[in-house]
Amino acid sequence: MSVLSAAFVTVFIATVIAQAMPLLLASVGETIGEQAGVLNLGIEGVMLIGAFSGFVVTLATGNFWLGMLAGAVGGVIANLAMLVLNVWLGLNQIVIGLAITLIGEGLTSVLYLQNYSKSSTSLGTAPELHIPFLADIPVVGPAIFQQSGIFWVSLLLAIAVGFFLAKTNWGLSIRSAGQKPSSLDAAGGSVVKIRSQAVILGGAFVGFGGAYLAELTTATFTPFITNGLGFIAIVITMLSRGRIVFVVITSFVYGLAVAIGPALQVLGFAVPADVIKMLPFIVVILTLIIFARSSVVPPALGAPYTRGAR
Amino acid sequence: MTPSTAPDVISLRDITKAFPGVVANDHISLDIVSGQVHCLLGENGAGKSTLISILAGMQQPDAGTISINGVPAAITSPKAAVDYGIGVVHQHSTLVPAFTVLENLMLGETGLMMQKKRAAERLDELSELLGAQIDPHALAADLGLGQQQQVEIAKAIWKGSRLLVLDEPTSMLTPQAIENLSESVARVKAQGLAVVFITHKLREAYAMGDCVTVLRGGRNVGHISVEELATYSEQQAQDAILRAMFGDDLKTVGAEDAAELAGATESTREIRSIDLATRPVRLELLGVSSHGHGRDVEVDDVALQVHEGEILGVAGIDGHGQGALAEVVAGQRSASSGTVRFDGKDVTRLGVRGRQQLGLRYVTDDRLHEGTVGSMSVALNLVIKRIGQRPFWRFGQIQNKAVDQEAARLIAEYDIRTPSPATRAGTLSGGNIQKILLARELTHGARLVVVNKPTYGLDLKTVQLVREILIDFASNGGSVLLLSTDLDELVELSHRIEVISRGRIVGSVTNDGPGTAEKVGHYMTGAIEGVQA
Ligand SMILES: Nc1ncnc2c1ncn2[C@@H]1O[C@H](COP(=O)(O)OP(=O)(O)OP(=O)(O)O)[C@@H](O)[C@H]1O
Ligand SMILES: [Mg+2]
């Protein structure tokens with residue numbers, strides 16, 4: 001196979017996108033929460049629940065859009081635990097987060113093994129959206145401009161979040177809830193309301209990301225399908241300091257790292273399979289070492305807020 | 001700000017609020033009238049900030065009512081307070097450091113989009129009212145304390161169209177900034193707003209206030225009405241206020257000290273003079289430049305000496321490197337060049353703990369975050385610097401009895417007002433938190449103590465107490481490096497005064513009689529205008 005054969009490059013680019021998108025969506029969701037001061041360590045579990053919900057609905061209905069929606073709803077439901085126990089009752093975020101992860105892992109595995117382990121579970125491919133003219137560009141066209149409409153909607157949603165965080169009063173309130181909730185309170189805002197909104201919206205994004213993983217990246221569900229992706233999202237969120245642009249960039253760097261290993265193998269380089277598996281994590285660790293010194297988390301991250309407490 | 005014929009009256013009736021172990025407000029009644037500055041005075045822990053929090057909707061009273069022009073007002077949340085037109089500058093800053101000035105001002109606005117342009121215009125208007133120019137795009141963290149204060153006030157006026165509450169706005173300001181503030185307050189008052197003004201300085205109360213209410217132990221113990229205050233001389237007003245504030249305690253103080261408490265007399269040096277030539281040098285900095293990673297001003301090529309038994313003052317406008325100087329001496333910030341010597345020994349590379357054990361102590365000006373652990377008990381905060389040491393720790397076990405004994409001793413000696421040694425330190429009033437710091441740092445083998453703004457926010461008596469503690473410490477052979485923005489304090493306590501500006505020492509004055517303040521002021525202004533004296 002020629003090194004730069006059109007088909008090869010096309011597949012490569014498509015793989016990068018497929019690997020990057022779930023992480024991107026999950027990181028956006030985590031960013032919304034963290035900016036508001038809620039650290040959700042349950043993201044791994046929330047993603048799994050989103051992935052499983054999406055998978056079940058799409059398998060049953062054959063509709064990918066409905067599946068994505070189900071994923072988002074699943075994410076919100078999973079995050080309700082954080083909403084009630086932390087935002088409303090002020091319990092410890094870390095404990096709740098780990099519990100959500102464990103529950104998500106256990107629940108989805110059991111349900112999957114009970115119901116789907118013996119039948120065919122492939123979802124097939126989602127309908128593609130051919131963008132006029134652009135889709136006809138050689139190499140890039142099929143890779144980028146013949147994606148499912150879900151890809152475009154996801155990107156748009158991520159950009160919209162970036163815009164809302166930076167430009168609207170709602171975004172300002174979200175950020176202040178993570179910086180100094182007492183300031184938001186004193187200014188007449190409601191910390192509980194803002195954090196609730198952030199947790200719900202964040203859950204929707206994370207669940208959406210999970211569903212993307214099941215439906216578009218792998219086209220199926222398997223237990224523990226996320227394989228630590230949620231924790232990588234936490235890292236990316238912290239590195240990006242609330243800037244959605246950075247979330248997008250780092251997610252694609254991760255996608256690149258995942259895609260490059262198999263590509264090298266195809267090209268005939270004898271790269272050990274273990275190294276290929278490790279590569280994305282090495283990239284993440286390297287990024288951490290280089291940039292993490294400047295990772296700045298919101299000062300009030302993880303701290304429940306009670307008015308007037310000293 | 002609508003001009004109305006009859007003045008607005010906000011009436012507080014029998015406001016009562018108890019916290020575990022204290023009744024912070026005990027049936028307080030008072031009227032706040034538009035177009036007047038109502039001064040609220042009282043010692044640390046008297047309940048002033050609590051009353052303000054209730055007005056601001058941050059706390060709910062256990063009992064009592066608030067009404068506006070006779071109509072009951074339910075201030076159930078800060079939002080409700082904003083809706084009633086009550087704007088508050090809280091004692092502890094509510095600015096978000098990572099936000100720009102504009103973002104801070106817009107916080108709490110409703111409507112979808114941030115209206116930056118409108119906010120900037122509004123800030124312009126307010127700047128005029130406040131008599132201050134503030135860069136709207138600067139980060140709050142980058143502003144000096146005085147400017148932060150102005151932003152807070154602008155924000156409060158923004159929200160408050162009826163009442164403006166200022167809780168100790170002057171505690172961190174320079175005389176010039178206080179002058180500006182008092183002009184701003186006068187303008188706000190002329191607009192028809194009511195103003196509640198809290199301060200510990202009687203001079204300010206007399207100069208700015210139209211009427212005065214004094215709190216003690218949570219009760220309203222004295223009110224000077226507008227008519228009375230107008231007929232009083234400054235002296236009479238002070239007497240009346242002091243009598244209400246301290247009651248019978250005042251007799252033990254004596255008339256002369258009372259006047260001094262009030263800051264009425266011109267400040268003069270209080271310490272005995274010493275012959276520096278015969279005293280060994282305890283602390284010496286040689287060409288020290290500091291290196292931190294904040295946005296702070298660093299010290300640059302600083303040289304100074306503190307002798308045994310000497311109080312060396314460092315004067316300067318806030319934020320000109322005082323923090324860096326204190327930390328580089330305490331060992332919290334590393335020196336990028338130069339030498340720090342303590343008792344003749346080079347300690348430049350020694351860490352905080354090592355210097356502490358040599359007897360070098362540091363009382364930070366960030367008493368809330370750096371100085372104390374709010375969620376821990378007063379007793380533990382008092383011994384926290386001696387973790388792992390006998391008799392408080394044995395074999396890794398904390399010895400509660402020893403800790404409690406030591407705590408009880410320090411609480412009595414420094415008159416710390418706390419419901420009990422087990423109370424969480426964070427719940428104490430600002431002044432009492434400061435006493436915890438001083439008590440902790442000045443005991444147990446202290447040889448030199450660096451104190452940064454030791455008396456800001458303290459009540460008159462506590463200020464006096466702290467100054468006496470420092471003087472005693474020095475006359476018993478201890479050394480003090482006193483960083484302060486309060487010129488009166490420096491003149492009262494220091495043997496010599498160095499002037500710091502933009503991280504450099506720009507002048508040195510020996511405190512030997514009248515005229516010291518002028519000389520220091522001269523160096524300060526000279527440095528600002530760039531004319532080296
Ligand atoms: N949130 C709280 N929890 C527990 N105790 C509190 C709380 N707020 C205030 N107190 C207590 O109420 C009393 C009054 O405190 P307050 O802050 O109102 O005093 P203050 O007059 O403002 O003093 P200062 O001049 O030092 O600021 C103090 O004894 C304080 O310990
Ligand atoms: Mg107070």
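Note on naming: letters A, B, ... go to the chains in the order of the sequence lines (proteins, then strands), and numbering restarts at 1 for each one. The model shown is predicted, which means the values in this text are computed figures rather than measured ones.
Listed in order of number, the residues of residues 161-171 of chain A that approach chain B to under 4.5 Å between heavy atoms are A:Phe163, A:Phe164, A:Ala166, A:Lys167, A:Thr168, A:Asn169, A:Trp170.
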Legend entry - Residues B:Leu95, A:Ser183; criterion side-chain contact (heavy atoms from CB on, under 4.5 Å); working and verdict: CA-CA 6 Å; B:Leu95 295 185; A:Ser183 299; over 6 Å; no
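If you measure heavy-atom distances from B:Ser375 to chain A, you find no contacts under 4.5 Å at all.
Here B:Met106 contributes atom CE and A:Ser173 contributes atom OG; the two are 10.5 Å apart, rounded to the nearest 0.5 Å. Atom OG of A:Ser176 sits about 10.0 Å away from atom CD of B:Glu103, to the nearest 0.5 Å. For the atom pair NZ (A:Lys180) and CZ (B:Phe99), the distance works out to 11.0 Å, reported to the nearest 0.5 Å.
Across A:Ala186 and B:Thr94, no two heavy atoms sit closer than the pair CB-CG2, 4.2 Å.
For A:Ile94, the CD1 atom counts as loosely surrounded, since its 6.0 Å shell holds 12 or fewer non-hydrogen atoms of other residues, nucleotides or ligands.
Options B:Ala80, B:Gly87, B:Pro78 differ in how many heavy-atom pairs under 4.5 Å they form with chain A, and the most are formed by B:Pro78. Interface remark: of the candidates B:Val96, B:Val82, B:Asp83, B:Leu112, B:Leu112 forms the most heavy-atom pairs closer than 4.5 Å to chain A.
Under the 4.5 Å side-chain criterion, counting only non-hydrogen atoms from C-beta, B:Ser77 is in contact with A:Arg307.
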